[in-house]
*Asks:* 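I am attaching a structure below and will ask some questions about it afterwards.
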Amino acid sequence: MSITDTPLPIRRADAVRPFVVGARGFVFLGIGHLALAATAATLVTRTPQQRAADTAMRESSFTLLGLERSTFDVSNGISIVMALFTIACGLLVLAAVRRAPALVERRTAFGWIALAVSLTALVTSIGLLPPPPIAVLGITTCAFALSLRRATP
């Protein structure tokens, strides 16, 4: 290369790809949670301790705003609803990035919010949940962080 040659511009790494991996991770986490919950409810043999805990949760009820619910129902309901919201969040983020990739190509609040939610869910999972969500949220958090690193300021 001579002094007069100008080097080709360096192409900035794509910020969209890792972001899409993170969003798909949210969808996978929600679907996986629903599938494991359904499998556990129908196919897994419960230990005597698990059956006793289920019975205690079914017998423990409370009334809120006129509706009586067992602790068992509330726990399962929250679990299912949160899985559905995780799927919806991932699908909405994928749709938004498909329509407006600039949301991710530049460092915007869109990318920072995805990272903050993923990181907060990861930290919560490390303290309270089994390994599968920890692994998936570890991947989503890294993907969103990489996307922000690749994005232009």
Side-chain angles (χ1 to χ4, degrees), residues 1-47 49-50 53-54 57 62 64-65 69-153:
M1 181 159 92
S2 71
I3 296 176
T4 58
D5 288 342
T6 56
L8 295 174
I10 298 173
R11 185 177 177 277
R12 189 155 179 81
D14 185 15
V16 174
R17 279 188 213 153
F19 196 90
V20 167
V21 168
R24 286 180 178 164
F26 280 176
V27 174
F28 177 76
L29 181 65
I31 291 171
H33 177 78
L34 289 176
L36 286 174
T39 300
T42 57
L43 300 177
V44 175
T45 304
R46 311 287 285 171
T47 66
Q49 295 86 357
Q50 290 169 325
D54 289 349
M57 289 176 66
F62 59 92
L64 183 62
L65 301 174
R69 298 288 187 252
S70 73
T71 305
F72 184 83
D73 292 338
V74 170
S75 178
N76 284 331
I78 288 171
S79 179
I80 292 166
V81 168
M82 288 299 104
L84 294 172
F85 271 101
T86 303
I87 294 166
C89 180
L91 292 174
L92 287 170
V93 167
L94 286 169
V97 169
R98 173 175 261 177
R99 293 294 240 181
L103 287 170
V104 175
E105 293 166 342
R106 295 188 323 265
R107 286 190 196 131
T108 65
F110 188 77
W112 286 108
I113 290 169
L115 176 60
V117 167
S118 187
L119 182 58
T120 303
L122 173 61
V123 170
T124 303
S125 295
I126 288 170
L128 300 173
L129 298 176
I134 295 170
V136 173
L137 289 166
I139 292 167
T140 62
T141 300
C142 289
F144 290 135
L146 178 60
S147 174
L148 281 169
R149 181 163 174 10
R150 290 181 175 180
T152 57

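Computed from a prediction, not measured in an experiment: that's the story for all the values here.
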*Asks:* To check you understand the geometry: which heavy-atom pair defines the closest contact between Ser70 and Asp73, and what is its length?
*Replies:* OG-N, 3.0 Å
*Asks:* With rounding to the nearest 0.5 Å, note down the distance linking OG1 in Thr140 to CZ in Phe19.
*Replies:* 10.5 Å
*Asks:* Show the nearest heavy-atom pair for residues Gln50 and Thr45, with the distance to one decimal.
*Replies:* OE1-O, 4.2 Å
*Asks:* Could you give the distance from CG (Asp54) to CZ (Arg46), rounded to the nearest 0.5 Å?
*Replies:* 4.0 Å
*Asks:* With side chains defined as the heavy atoms from C-beta onward, is the minimum distance between Ile31 and Ile87 less than 4.5 Å?
*Replies:* yes
*Asks:* Is there a side-chain contact (heavy atoms from CB on, under 4.5 Å) between Val16 and Glu105 once you walk through the steps?
*Replies:* CA-CA 6 Å; Val16 174; Glu105 293 166 342; 3.8 Å; yes
*Asks:* Within a strict 4.5 Å, meaning less than it, do heavy atoms of the Leu137 and Phe26 side chains meet?
*Replies:* yes
*Asks:* Could you tell me which non-hydrogen atom of Ile134 sits nearest to which non-hydrogen atom of Leu129, and how far apart they are?
*Replies:* CD1-O, 3.5 Å
*Asks:* Within the distance-only criterion (no hydrogens, no angle test), does the side chain of Ser118 pair as donor or acceptor with the backbone N or O of Thr141 below 3.5 angstrom?
*Replies:* yes
*Asks:* Is there a side-chain contact between Leu84 and Leu34 in this structure, where contact means two heavy atoms from C-beta onward sitting under 4.5 Å apart?
*Replies:* yes
*Asks:* For Phe144 and Val117, what are the C-alpha separation, side-chain angles and deciding distance, and is it a side-chain contact (heavy atoms from CB on, under 4.5 Å)?
*Replies:* CA-CA 10 Å; Phe144 290 135; Val117 167; over 6 Å; no
*Asks:* Do you know the tightest heavy-atom contact between Arg107 and Arg149?
*Replies:* NH2-O, 3.4 Å
*Asks:* Are the side chain of Ser147 and the backbone N or O of Pro18 linked by a donor-acceptor pair below 3.5 Å?
*Replies:* no
*Asks:* Should the heavy atoms of other residues, nucleotides or ligands under 6.0 Å from CZ of Phe72 be counted, would the total exceed 12?
*Replies:* yes
*Asks:* Rounded to the nearest 0.5 Å, how far does CZ of Arg150 lie from CZ of Arg17?
*Replies:* 8.0 Å
*Asks:* Within this structure, what is the OG1-CZ distance for the pair Thr71 and Phe62, rounded to the nearest 0.5 Å?
*Replies:* 6.0 Å
*Asks:* Please answer whether the main-chain N or O of Ser75 pairs with a side-chain N or O of Ser79 as donor and acceptor at a distance below 3.5 Å.
*Replies:* no
*Asks:* Closest approach of Thr108 and Ala102, non-hydrogen atoms and distance?
*Replies:* CG2-O, 4.3 Å
*Asks:* Ignoring hydrogens, what is the shortest heavy-atom contact between Val104 and Ala15? Give both atom names and the distance.
*Replies:* CG1-O, 3.3 Å
*Asks:* How many angstroms lie between CZ in Arg24 and CG in Leu91, if you round to the nearest 0.5 Å?
*Replies:* 11.0 Å
*Asks:* When rounded to the nearest 0.5 angstrom, what is the spacing between CG in Leu146 and CG in Asp14?
*Replies:* 10.0 Å
